Every structure is written in C-alpha cells, then in structure tokens.
Amino acid sequence: MTTQLSVNLNKIALVRNARGRNFPAITEFGEMALSGGAIGLTIHPRPDQRHATYQDIADLKAVVRRFDGKELNVEGYPDDTLVAHVLAEKPDQFTLVPDDPNQITSDHGWDLHQHGERLKPLIAQCQSAGIRTSLFVDPDLEQVRRAADTGTDRIELYTEAYAEAFALNNYEPLLEQYMQCADLALSLGMTVNAGHDLDLDNLGNFVARGNVAEVSIGHALTVEALQLGFAETIKRYVNILQRGR
Ligand code: PXP
C-alpha cells in the first residue's frame, strides 16, 4: 500500500501563539498541505493549549471538508475536555496518546495491560459517533495484541526509537521489530499508522515494506520547510533593501 501523509500542524500553531494573533494561520498551512498531496491534517491539543487549541479542531475540520477525501486526525490524552471536543467536532480519526499534561511531547505508547479495559468503552463510543480510533503504542508485540482486544481500528507505532537508531546508522534490527508489529496488527484486523521524529531522511526506509497506512509528521517537517525556504527568503529581503524601497 502507498503510505499517506498526515501533516501535524502543532509547530505552526506554536509560532502563531507566540504573537497572540492569527499569524501564521494554521488553516492556510493546512490548505497548502492538502493541496500538496497530504491525505490529512493532525493536531494534538494539550490541556494548556500551548500550540494547537481546541478551537483549531473546528477550524481544521472546516478546512478538510473543503477537500474531497481528506481527513482530520486529532491526537492527545483522552481527558474529559478533549473527549468532549472530539465527540462534538467529530474528526475523522482520534489518536489516543498516554501523555501527561507536562510532557514536552509524547514519549511512550500505552501500557494496555494497565489501561486497555478502561479505553474500551471510549473507543466504542468514538466509533459509534463515526470517529475512527487509533492507539499510540510502542513497537511491542504484546501491546499490539492487547490493542486488538480493545477494538481499536488502528494503532500508531511510536517511531522515536527508530529515528534515533536511524541517525546512528544502526536501525535494521529495530526496524524489523516495528515491521513485525505492523504485520501482526494487520493480521489482527487493525490498520497501522506511525509517527514521531520521522523526517525526509528516515521516512523512506520505514514505509518501504508497504504495511504502514499513514504517517503523521510535524516537527521535522516544519524545520525542513524552514531549511528549504530560508535562503530564498533572505535573498528576497536583501533584494528589497538593495533596490532601496
Ligand atoms: N504522533 C504523536 C502521537 C505525536 O504526539 C506526535 C507529536 O505531536 C507526532 C506523531 C508527530 O511527531 P513529530 O512532530 O516528531 O513529527
């Protein structure tokens, strides 16, 4: 299968929030991402709304609905506030992540031995509201089996360990572990997403096997966009100043 890209807009939201007005507008960047071929947009509102806000869910839902077949994925810890917003706005996908409010970013998957039973009713509730569910999990076969027991539609494999190993050029055994998890998930009837620290260098090898349906990428994609556009932007500023107006 061809892996689809969901663009995580949290970092654009972070820059927006730095100035307290709607610039840059994440809806505009969302439109660019979808026009450029991304299947969808992702945001991860945290309780302090330090980057994506709850209002962004409704605003981005309106954006994706203007494009045929495009999707909104909301990810985050399923506390009462986020769950209420998700059930009200009905994104296409809700990715449940076990991060606590003070974490800088997600840094582990669910322990489904401990939390699987608790998540089951919420998963069923989302599904009956027409929202696909995904559980963020480490590349661990036991967690994948337990994910299937919850009834979730998908899992999202947490790829930071792969990205780290890739940077050290020693990723093949670990990649195999991820691929076994993906194959097991597929055999248990779930679809496989992946995300965290994927970038232009490490992405190709991760999706080569063809068992990952969707990747969600934000941090590196935003940095790479700056790197690819920075020199040209400097040139344009300098040109204006040299023209003297
Ligand atoms: N998946 C989950 C569950 C995340 O929390 C994040 C970061 O918000 C991502 C994917 C995307 O990671 P990155 O920003 O490193 O691309």
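Computed from a predicted structure; not experimentally measured. When a ligand or atom number is given, it counts from 1 through the structure's own listing order.
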Problem set entry | Short side-chain donor-acceptor distance under 3.5 Å, H44 and D99 | yes
For this session: Assess whether atom CG of D68 is packed by more than 12 heavy atoms of other residues, nucleotides or ligands within 6.0 Å.
Result: no
For this session: Enumerate the atoms of ligand 1 whose separation from the nearest heavy atom of I217 is less than 4.0 angstrom.
Result: 16 (O)
Seminar exercise, completed: When distances are taken from atom 4 (C) of ligand 1, the protein heavy atom at minimum range is E75 OE2, 2.9 Å
Exercise. Considering only the protein, which heavy-atom contact is closest to atom 15 (O) of ligand 1, and what is its distance?
Worked result: D197 N, 2.8 Å
Problem set entry | Heavy-atom gap S216 to ligand 1 smaller than 4.0 Å | yes
Can you list, pair by pair, the side-chain donor-acceptor contacts under 3.5 Å of residues 84-94, counting residues two or more places apart and other chains?
from	atom 1	to	atom 2	distance (Å)
K90	NZ	L87	O	3.2
D92	OD1	R65	NH2	3.0
D92	OD2	R65	NH2	3.4
D92	OD2	L72	N	2.7
Q93	OE1	R132	NE	3.0
Q93	OE1	R132	NH2	2.8
Q93	OE1	N193	ND2	3.3
Q93	NE2	N73	OD1	3.1
Q93	NE2	E214	OE2	3.1

Exercise. Would you say V97 touches ligand 1, if touching means a heavy atom closer than 4.0 Å?
Worked result: yes
Exercise. So which pairs with a foot in residues 204-223 pass ring-ring contact (aromatic ring centres under 6.0 Å, His included), sequence neighbours left out?
Worked result: Y162-F206, Y178-F206
For this session: Check each heavy atom of H219 against ligand 1 and say whether those closer than 4.0 Å belong to the side chain, the backbone, both or neither.
Result: both
Problem set entry | Any side-chain donor near an acceptor of the partner, E156 and Y158, under 3.5 Å | no
Problem set entry | Which residue and heavy atom of the protein sit nearest atom 5 (O) of ligand 1, plus the separation | S106 OG, 2.4 Å
Exercise. If you measure from atom 1 (N) of ligand 1 to every heavy atom of H196, H44, K11, E156, which option wins on shortest distance?
Worked result: E156
For this session: Verify the distance criterion only: is there a donor paired with an acceptor across the side chains of Q143 and D138 at less than 3.5 Å?
Result: no
For this session: Indicate yes or no: does an N/O atom of G218 lie under 3.5 Å from an N/O atom of ligand 1?
Result: yes
Exercise. Between N205 and Y171, do the side chains contain an N or O donor and an N or O acceptor separated by less than 3.5 Å?
Worked result: yes
